[in-house]
Every structure is written in structure tokens, then in C-alpha cells.
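Every heavy atom of this structure was used, including side-chain atoms; hydrogens, water molecules and symmetry mates were not.
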Amino acid sequence: MSRPKNDTFLRALLRQPTPYTPIWIMRQAGRYLPEYNQTRARAGSFLDLCKSPDLATEVTLQPLARFPLDAAILFSDILTIPDAMGLGLYFAEGEGPRFERPLREEWEIRDLDVPDPTTHLRYVLDAVAQIRRALDNEVPLIGFSGSPFTLACYMIEGRGKTDFAETKRMLYARPDLLHRILEVNARAVIDYLNAQIEAGAQAVMVFDTWGGILSHAAYHEFSLRYMQQIMQGIARSRDGELVPRIVFTKGGGLWLESMADIGVDALGLDWTVDIGAARRRVGERVALQGNLDPSVLFASPEVVRTEAGKILESFGKGAGHVFNLGHGVSQFTPPEHVAMLVDAVHELSRPLHAA
């Protein structure tokens, strides 16, 4: 696996010197791009789009054709794992993901098994390999998965919620059942990410979207513990090249020190955290990724530039920063504002990396 021509992103994750701060955007291939919507319409449904390696490759590359981003991220969905477990994933128009068979009965949880990614998730691995070929080593490719706890939330509730009442009820009333789900999920994520690395992913990210809903003690027991297992279980390198790993817990700003200790190279930050303060807390141990509020992109180009500059200045000089949003880009974002952001980050960050 040879290094990409633009390896700024990989070097920043490993806190090595870079000429500028690299940038990619969570959900960068998505509904804010007209070309994505056209491809999705051709696919027929979101799930069909995910399950077609040709179309997944097409949409992964679309933002890179528009913006000089420093990384590509595999186009897929975090819920591919529970779908491969047989829970019956589908997407209700305007309502997001649903599962036909959420986990409620004890026997269902006891019967849960780890899917073989080379069989049940072959379409994802084929997409990874195809995207790598199409990128032609210009920029690195990020593979990803949901965290065991975030996956469990969807698997138990059957859909996205705000309070995750069923999940929390199980956590406190039957923690043994939730741990059983999390153990299976952790093994599934390890196998899945290792298969993505084998197929060509050059960095991997774990999205812990719902870890922030937990209490301090519950976060460490039911989310962080299993992400640490994943870090211990996934390949550290392939073909002599290190494969950096990123963990992002939305709402996890209180726990950065604990997160930095689980074997990650970088922590993703949501927009509620001051990145300069985060760097003082953990920046000697890990790189930081983030953390512009996605809503800034609705403002004028001048405001976008100013707010990007504030984050760069807060992080300060030196290596170890990957610029990103604090969550996924909104579908209503004007693409030209994303272009302004990418250009601003590249331009404004150069003086911070001068020798």
C-alpha cells in the first residue's frame, strides 16, 4: 500500500508536520450536492445506492471533483452491520432508518451472531477496493463503522430516537442483555474494519453518535470499553503503512482524557468543545479532528471564513489538527459555502505550519 500523493491527512492524524491543516467533511458525499441527488434518484433508494459498489464509488468521488478535499470517505451507512445480522434495515421516506425486527426479546439477543463481512458485507468491501482504484492514490480513503453502543441504540429502538428509552431501560434493568449485544457488535465492528483495511481503507473512524446520551459511568461501561476493544482488535498497519484510527463521540467533550487512552490516533470533536482547550487536555497524546458548527455554513462566505479562522487560531501552531465539522454537513448547505470553507482552511492554516 503506497502513500497517497496528498498524504497531509494521514500525517496530521499521526501528529507529523504538514504544510497546512488538512480538511474533509463528515457526510461530504450527500444531499447538499445536486449530483448526489441525481445518482441517488438513479439508484432508486438510499439502500440500493449503498449496496451498489459502482454507485457508491461514484458518489464518494463527487465531492472530490468539486472541492480540493484532503481525504475521501467510503460512502456507506453505519447500519450495514445490523442489517447483515438480519434485523431488516429499511429507510422510510423522510423518517430515516428503521428496522423490521428490533431486539426486544431475550432469545433474539442470545441468538445474535457476528456476520462474516466477506460474505454479508461484500458490497462494502467491493466498494472500498473500487474507490481506491478510482482515487488513483491522489488522497487517502477513510473506512468507518458505527460504535457498538450507537449500533445497539438503533437495534433496540428499531429507529432513531431522541431519548432512547428502550435502550436505557435495558441498560439499567438488564445490563447483561445490553452487554451481550455490545459484545457481538464489538466483534462485528472489528471484523468489518479489518476487512475494510484489507480492501484498501487507509484510515478508519468509529462514529459513536449516541454515546453522549449516557451518564459518566454508563459511557465508560457501555460505550468506551467496547471502543477500546475495537482499537485492540483492528490492524495497526497494512503493507508497512500505519492505519490511523479516529473515534468521534458526539457529546463526548467531558471524557476526552478517557477517550485518548483507548489506543486512538485522533479524537473527533463536536462543536461544543473549544479545540484549544481540548488540545491542552489531550493534544500531547492524540490528534484532534473538528470542529466547526455545521450551521455556520448557512452564513455568508465572510462569516464562514471568519469562523474557520477562529478554530484554526484556537488550535494554534503545529501538527495534529484535521479540520472538519462538528457533525455531518446539512443537506440544505450551499455547496459554494463548502468550497469557501475548504479554501479558507487551506489558506489560513499555512502560517500556522510555517517553520
Side-chain angles (χ1 to χ4, degrees), residues 76-89 97-99 101-117 120-121 143-196 204-234 245-252 254-255 258-264 267-268:
S76 187
D77 192 86
I78 63 169
L79 299 180
T80 51
I81 285 178
D83 183 46
M85 292 174 174
L87 271 64
L89 177 64
R98 300 280 188 93
F99 284 110
R101 295 174 289 282
L103 297 175
R104 298 290 170 82
E105 303 296 331
E106 189 162 340
W107 67 265
E108 294 173 315
I109 294 166
R110 298 287 175 215
D111 285 354
L112 202 62
D113 204 8
V114 177
D116 179 352
H120 298 104
L121 293 162
F144 72 92
S145 170
S147 73
F149 179 74
T150 292
L151 297 179
C153 286
Y154 287 103
M155 292 161 73
I156 295 163
E157 304 290 340
R159 57 184 292 189
K161 296 279 184 71
T162 52
D163 59 357
F164 295 101
E166 294 292 337
T167 308
K168 286 199 164 185
R169 185 176 292 119
M170 188 183 293
L171 185 154
Y172 291 111
R174 291 294 307 273
D176 58 312
L177 293 183
L178 183 53
H179 278 303
R180 162 71 185 157
I181 297 170
L182 295 169
E183 284 160 9
V184 174
N185 285 356
R187 284 188 282 128
V189 170
I190 289 168
D191 289 354
Y192 187 43
L193 290 179
N194 277 334
Q196 289 185 38
V204 290
M205 181 162 172
V206 176
F207 286 89
D208 187 32
T209 312
W210 300 120
I213 70 167
L214 293 169
S215 72
H216 176 83
Y219 175 73
H220 287 76
E221 180 178 351
F222 293 94
S223 184
L224 195 66
R225 164 181 162 184
Y226 291 97
M227 291 194 289
Q228 183 165 16
Q229 278 185 25
I230 291 163
M231 295 306 133
Q232 291 167 346
I234 57 177
R245 57 273 293 269
I246 310 161
V247 160
F248 171 64
T249 295
K250 186 169 179 282
L254 294 170
W255 306 310
S258 299
M259 293 161 70
D261 283 341
I262 66 168
V264 295
L267 296 179

Main chain of [Y], side chain of [X]: is a donor-acceptor contact present, judged purely on distance under 3.5 Å?
X      : Y      : value
Asn185 : Gly146 : no
Thr150 : Trp210 : yes
Arg180 : Ile109 : yes
Arg159 : Tyr154 : no

Using a strict threshold of under 4.0 Å (side-chain N to carboxylate O), is an ion pair present between [Y] and [X]?
X      : Y      : answer
Glu106 : Arg174 : yes
Asp176 : Arg110 : yes
Arg169 : Glu166 : yes

How are the rings of Trp255 and His220 set relative to one another: parallel (under 30°), tilted (30 to 60°) or perpendicular (over 60°)? perpendicular
Would you say [X] and [Y] make side-chain contact, with heavy atoms under 4.5 Å?
X      : Y      : value
Asp77  : Pro97  : no
Met170 : Thr167 : no
Leu224 : Asp208 : no
Leu89  : Pro82  : no
Ile213 : Lys168 : yes
Val189 : Leu151 : yes
Thr249 : Met227 : yes

Mind checking the [atom1]-[atom2] spacing from [X] to [Y]? Nearest 0.5 Å is all I need.
X      : Y      : atom1 : atom2 : result
Leu182 : His179 : CG    : NE2   : 7.0 Å
Leu177 : Arg104 : CG    : CZ    : 13.0 Å
Leu103 : Glu105 : CG    : CD    : 10.0 Å
Ser215 : Phe222 : OG    : CZ    : 8.5 Å
Gln232 : Gln228 : CD    : CD    : 5.0 Å
Asp191 : Ile230 : CG    : CD1   : 10.5 Å

Sub-6.0 Å ring centroid separation between Tyr226 and Phe149: no
Test log, rule side chain to side chain contact (heavy atoms under 4.5 Å, CB included), inputs Glu157 and Phe99: CA-CA 8 Å; Glu157 304 290 340; Phe99 284 110; over 6 Å; no
Report the C-alpha distance between Leu87 and Met155 in whole Å, list the side-chain angles of each, state the deciding distance to 0.1 Å, and finish with yes or no for side chain to side chain contact (heavy atoms under 4.5 Å, CB included). CA-CA 8 Å; Leu87 271 64; Met155 292 161 73; 3.7 Å; yes
Which atom pair, heavy atoms only, marks the closest approach of [X] to [Y]?
X      : Y      : answer
Ser223 : Leu214 : CB-CD1, 4.1 Å
Gln229 : Ala186 : OE1-CB, 3.8 Å
Ala152 : Leu178 : CB-CD1, 4.1 Å
Ile78  : Ser145 : CG2-C, 4.2 Å
His120 : Ala84  : CB-CB, 3.8 Å
Thr209 : Lys250 : O-CB, 3.5 Å

Would you sort out whether Ile81 and Leu121 count as a side chain to side chain contact (heavy atoms under 4.5 Å, CB included), showing the intermediate values? CA-CA 8 Å; Ile81 285 178; Leu121 293 162; 4.3 Å; yes
Checking Ser258 against Tyr219: is there a side-chain donor and acceptor pair closer than 3.5 Å? no
Let me see the working for Leu112 and Met85 under side chain to side chain contact (heavy atoms under 4.5 Å, CB included), right down to the final yes or no. CA-CA 7 Å; Leu112 202 62; Met85 292 174 174; 4.0 Å; yes
